Amino acid sequence: MSRRAARRDALVVLYQWDVTGRPLASLFEGDLDEWSRELAESVAARAGELDSRITHAATDWTADRLGALERNVLRIALEELDRGEVPKEVVIDEAVTLAKRYATEDAGRLVNGILGAVAREAA
């Protein structure tokens, strides 16, 4: 499975977790890729910390005011940026693509702006 597909699968599970409040492990159905599962578990474990960083980087928005999809796209991207396994430009591009594909063009711009702020602050 490609990283792109694995990232999408992690997003679906995290979205369900965020919206339903069900335990993350109960949402793993079928053959979820190991990388997807580990990413989802790591993001869920750090959700509070990641949300604080999103709120800090977002102008006049708190993470809890964002849509569940956008919030989880951002959480995944921050987790990947922290890991440093993928270049930051690729992480941001993948996050924007997910937001545009599964939400709206505006969501893509929002995700790009927040992640751009995080990347500038880290530099």
Side-chain angles (χ1 to χ4, degrees):
M1 173 178 286
S2 72
R3 270 272 162 111
R4 178 172 284 172
R7 198 176 282 114
R8 181 198 61 230
D9 289 352
L11 175 62
V12 169
V13 169
L14 286 164
Y15 176 83
Q16 292 173 339
W17 168 76
D18 203 4
V19 171
T20 66
R22 290 176 46 199
L24 190 64
S26 73
L27 301 170
F28 296 138
E29 295 178 9
D31 294 327
L32 189 64
D33 178 76
E34 184 178 331
W35 191 83
S36 301
R37 180 186 308 263
E38 193 278 321
L39 178 62
E41 288 171 348
S42 182
V43 167
R46 298 182 61 210
E49 172 195 345
L50 297 171
D51 287 354
S52 292
R53 291 172 58 197
I54 292 166
T55 297
H56 177 76
T59 306
D60 299 324
W61 283 90
T62 57
D64 64 334
R65 288 185 59 206
L66 297 172
L69 187 114
E70 294 90 338
R71 184 172 45 250
N72 283 291
V73 166
L74 288 163
R75 287 171 175 166
I76 289 169
L78 289 176
E79 176 67 22
E80 286 196 90
L81 287 171
D82 288 350
R83 291 179 179 191
E85 298 169 354
V86 179
K88 69 180 175 185
E89 296 82 7
V90 174
V91 171
I92 293 171
D93 183 64
E94 289 289 323
V96 169
T97 299
L98 281 171
K100 285 181 179 179
R101 181 165 186 178
Y102 296 106
T104 65
E105 287 288 325
D106 286 341
R109 286 190 284 280
L110 175 77
V111 165
N112 188 53
I114 292 172
L115 292 177
V118 168
R120 282 189 301 279
E121 191 172 292

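Because the structure is predicted, anything quoted here is derived from the model rather than measured. Numbering starts at 1 and runs along the sequence shown.
The two residues I76 and A10 make their nearest non-hydrogen contact at CD1-C, 4.2 Å. Closest approach of A117 to A57, counting heavy atoms only: CB-O, 3.9 Å. Heavy atoms only, all atoms of each residue included: A77 and A95 are closest at CB-CB, 3.9 Å. Here the shortest heavy-atom pairing between A103 and E70 reads CB-OE2, 3.9 Å.
Under the 3.5 Å distance criterion, the side-chain polar atoms of T55 are left unmatched by any main-chain donor or acceptor of T62. Between the S42 side chain and the E38 main chain, no donor and acceptor come within less than 3.5 Å of each other. Panel note: side chain N72, backbone A68; a donor-acceptor pair is recorded below 3.5 Å. Side-chain atoms of R71 never come within 3.5 Å of backbone atoms of I54 as a donor-acceptor pair (strictly under, hydrogens ignored).
Checked by atom type, the side-chain pair R109/N112 shows no donor-acceptor distance below 3.5 Å. Checking T104 against D106 by side-chain atom types alone, no donor-acceptor pair falls below 3.5 Å.
Salt-bridge formation is not detected for the pair E79/R75: no Lys NZ or Arg NE/NH1/NH2 atom is positioned less than 4.0 Å from an Asp or Glu carboxylate oxygen. Classification of E94 and R3 as a salt-bridged pair fails, no side-chain N sitting under 4.0 Å from a carboxylate O.
A single hydrophobic cluster is seen to contain both V43 and L27, as judged by linkage of ILVMFWY side chains at heavy-atom distances under 4.5 Å, directly or through other members. One hydrophobic cluster, built from ILVMFWY side chains closer than 4.5 Å, cannot hold both M1 and L32; they sit in different ones. Hydrophobic clustering (ILVMFWY, side-chain heavy atoms < 4.5 Å, transitive): L14 and V12 are in distinct clusters.
Heavy atoms of other residues, nucleotides or ligands lying less than 6.0 angstrom from CZ of R83 number more than 12. For F28, the CZ atom is densely surrounded, since the number of other residues' heavy atoms within 6.0 Å is greater than 12. When the shell of 6.0 Å around CZ of R65 is examined, it contains more than 12 heavy atoms from other residues, nucleotides or ligands.
Side-chain contact check for V73 versus V96: every heavy-atom pair is 4.5 Å or farther apart. Taking 4.5 Å as the limit, every side-chain heavy atom of D18 sits out of range of all side-chain heavy atoms of L69. Side chains of V118 and K88 form no contact here, defined as non-hydrogen atoms less than 4.5 Å apart.
To the nearest 0.5 Å, the span separating CG on L24 from CH2 on W17 amounts to 7.0 Å. Of the inter-residue distances, the one linking I92 atom CD1 with I114 atom CD1 reads 11.5 Å to the nearest 0.5 angstrom. Rounded to the nearest 0.5 Å, atoms CZ (R8) and OG (S2) are 7.5 Å apart. With values rounded to the nearest 0.5 angstrom, L74 atom CG is found 9.5 Å from D51 atom CG. For the atom pair CG of L50 and CG of D82, the computed distance is 7.0 Å after rounding to the nearest 0.5 Å. From W35, atom CH2 reaches atom CD of E85 across 7.5 Å, with rounding to the nearest 0.5 Å.
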Start with the C-alpha gap between V91 and R7, add the side-chain angles, then the distance that decides, and say whether side-chain contact (heavy atoms from CB on, under 4.5 Å) holds. CA-CA 10 Å; V91 171; R7 198 176 282 114; 5.9 Å; no
